[in-house]
Amino acid sequence: MIKAVFPGSFDPIHNGHVDIAKRASRLVDELVIAVYDKPLKNFLFSPEERIDMVKKVFLNDSKITVTGYSGITVHFCQQIGAQVMIRGLRVFSDFEYEFRMALANHRIEPEVEVMALITSEEHTFLSSSTVREISSLGGNVSTMVPEHVKIALDAKFNTPGNDQRVIPSHSIRD
Ligand code: ADP
């Protein structure tokens, strides 16, 4: 029985994340999508909003559950009895970051294996920050995110009276 955790900020979830989660779930018995709150990051959506948006995507998928967590990811994996952590890889810069994280995590908790899946070609450019920026500038993100996420982004950026602006994220990896 293989249980895996797919951790991330999911601010918000986009089609690249959905693709990785679906492909990973075919390789394991149970996949827990774990939505975390990094204190150093400025999130657009609250933890509750991000969890809710991820849950809506996988409502009918019996292998996938969604939960929030905080703290060290490999500790969370251990707590819930997951042997594997799933990550998605886009470009070379992802590799360097994920490589460092995998080694650090292995040092902290050698029992948890990191499994990295290569992004599907059509999602190579997709990131939550790209989606946020395009949406904040009035661009159409309907080919990048599930419908309910687009509605949530429109509500954040376009609703009259809602003056929330995107935080320039050039310096934020995500
Ligand atoms: P984090 O803050 O952990 O990077 P994200 O929500 O940005 O959280 O990403 C969660 C995981 O999804 C990471 O492993 C990231 O590399 C992966 N990921 C993000 N975008 C894509 C994409 N377009 N294709 C494949 N994997 C992706």
Side-chain angles (χ1 to χ4, degrees), residues 4-28 31-58 64-77 82 84-106 108-109 112-136 139 141-146 148-150 152-153 156 166-174:
V5 167
F6 179 32
S9 317
F10 305 106
D11 187 38
I13 185 165
H14 57 63
N15 293 344
H17 294 132
V18 175
D19 174 60
I20 294 290
K22 284 188 176 163
R23 286 164 53 204
S25 74
R26 282 187 228 122
L27 305 173
V28 300
L31 182 73
V32 178
I33 303 184
V35 180
Y36 63 81
D37 205 350
K38 257 195 278 184
L40 293 179
K41 240 178 165 180
N42 289 309
F43 290 115
L44 175 63
F45 292 99
S46 71
E48 294 74 25
E49 287 173 319
R50 286 181 279 131
I51 291 168
D52 198 50
M53 283 188 281
V54 180
K55 274 188 178 162
K56 280 201 177 107
V57 178
F58 300 103
I64 300 180
T65 54
V66 183
T67 186
Y69 82 105
S70 56
I72 294 178
T73 309
V74 277
H75 286 169
F76 173 73
C77 292
V84 176
M85 189 201 301
I86 304 289
R87 298 294 286 169
L89 281 184
R90 283 161 297 192
V91 284
F92 297 115
S93 51
D94 267 357
F95 177 78
E96 195 191 323
Y97 175 81
E98 296 295 342
F99 186 76
R100 267 191 288 119
M101 287 306 289
L103 291 179
N105 282 327
H106 199 252
I108 299 168
E109 191 42 78
V112 177
E113 289 293 346
V114 175
M115 205 159 88
L117 300 186
I118 309 293
T119 187
S120 299
E121 218 178 325
E122 68 268 33
H123 301 131
T124 311
F125 73 96
L126 253 188
S127 70
S128 296
S129 60
T130 304
V131 166
R132 289 195 303 270
E133 286 190 26
I134 293 173
S135 184
S136 75
V141 293
S142 57
T143 60
M144 303 173 200
V145 296
H148 65 275
V149 175
K150 183 187 178 304
L153 283 161
K156 284 274 180 206
V166 75
I167 298 140
S169 50
H170 314 288
S171 58
I172 301 173
R173 181 209 167 269
D174 106 30

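Both ligands and their constituent atoms are indexed starting at 1 by order of listing. Computed from heavy atoms alone, side chains included, the values below leave out hydrogens, waters and symmetry copies.
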Applying a 4.0 Å heavy-atom criterion (strictly less than), which segment of [X] is in contact with ligand 1: side chain, backbone, both, or neither?
| X | result |
| --- | --- |
| F125 | neither |
| S120 | neither |
| L126 | both |
| R90 | side chain |

Suppose I only count heavy atoms of [X] and a 4.0 Å limit; which atoms of ligand 1 are within that range?
| X | answer |
| --- | --- |
| E98 | 14 (O), 16 (O) |
| F10 | 6 (O) |
| H123 | 22 (C), 23 (N) |
| P7 | 10 (C) |
| F6 | 11 (C), 12 (O) |

Shortest reach to atom 16 (O) of ligand 1 by a heavy atom, considering only A21, G16, G88: G88
T67 OG1 to F76 CZ distance, which is reported to the nearest 0.5 Å: 5.0 Å
Point-to-point distance, once rounded to the nearest 0.5 Å, from OG1 of T65 to CG of L31: 7.5 Å
Would you say the side-chain atoms of [X] pair up with the backbone N or O of [Y], donor to acceptor, closer than 3.5 Å?
| X | Y | value |
| --- | --- | --- |
| R90 | L126 | yes |
| R50 | F45 | yes |
| S120 | H123 | no |
| R23 | I118 | yes |
| R132 | F43 | no |
| D37 | S70 | no |

Aromatic ring pairing H17/H14, orientation class (parallel under 30°, perpendicular over 60°, tilted between): parallel
Distance-only N or O hit between ligand 1 and [X], under 3.5 Å:
| X | answer |
| --- | --- |
| S128 | no |
| T124 | no |
| S9 | yes |
| S127 | no |
| I20 | no |

SB check R87 D94 (cutoff 4.0 Å): no
Heavy-atom side-chain contact between E122 and D19 under 4.5 Å: no
Y97 heavy atom under 4.0 Å from ligand 1: no
4.0 Å heavy-atom contact, A116 with ligand 1: no
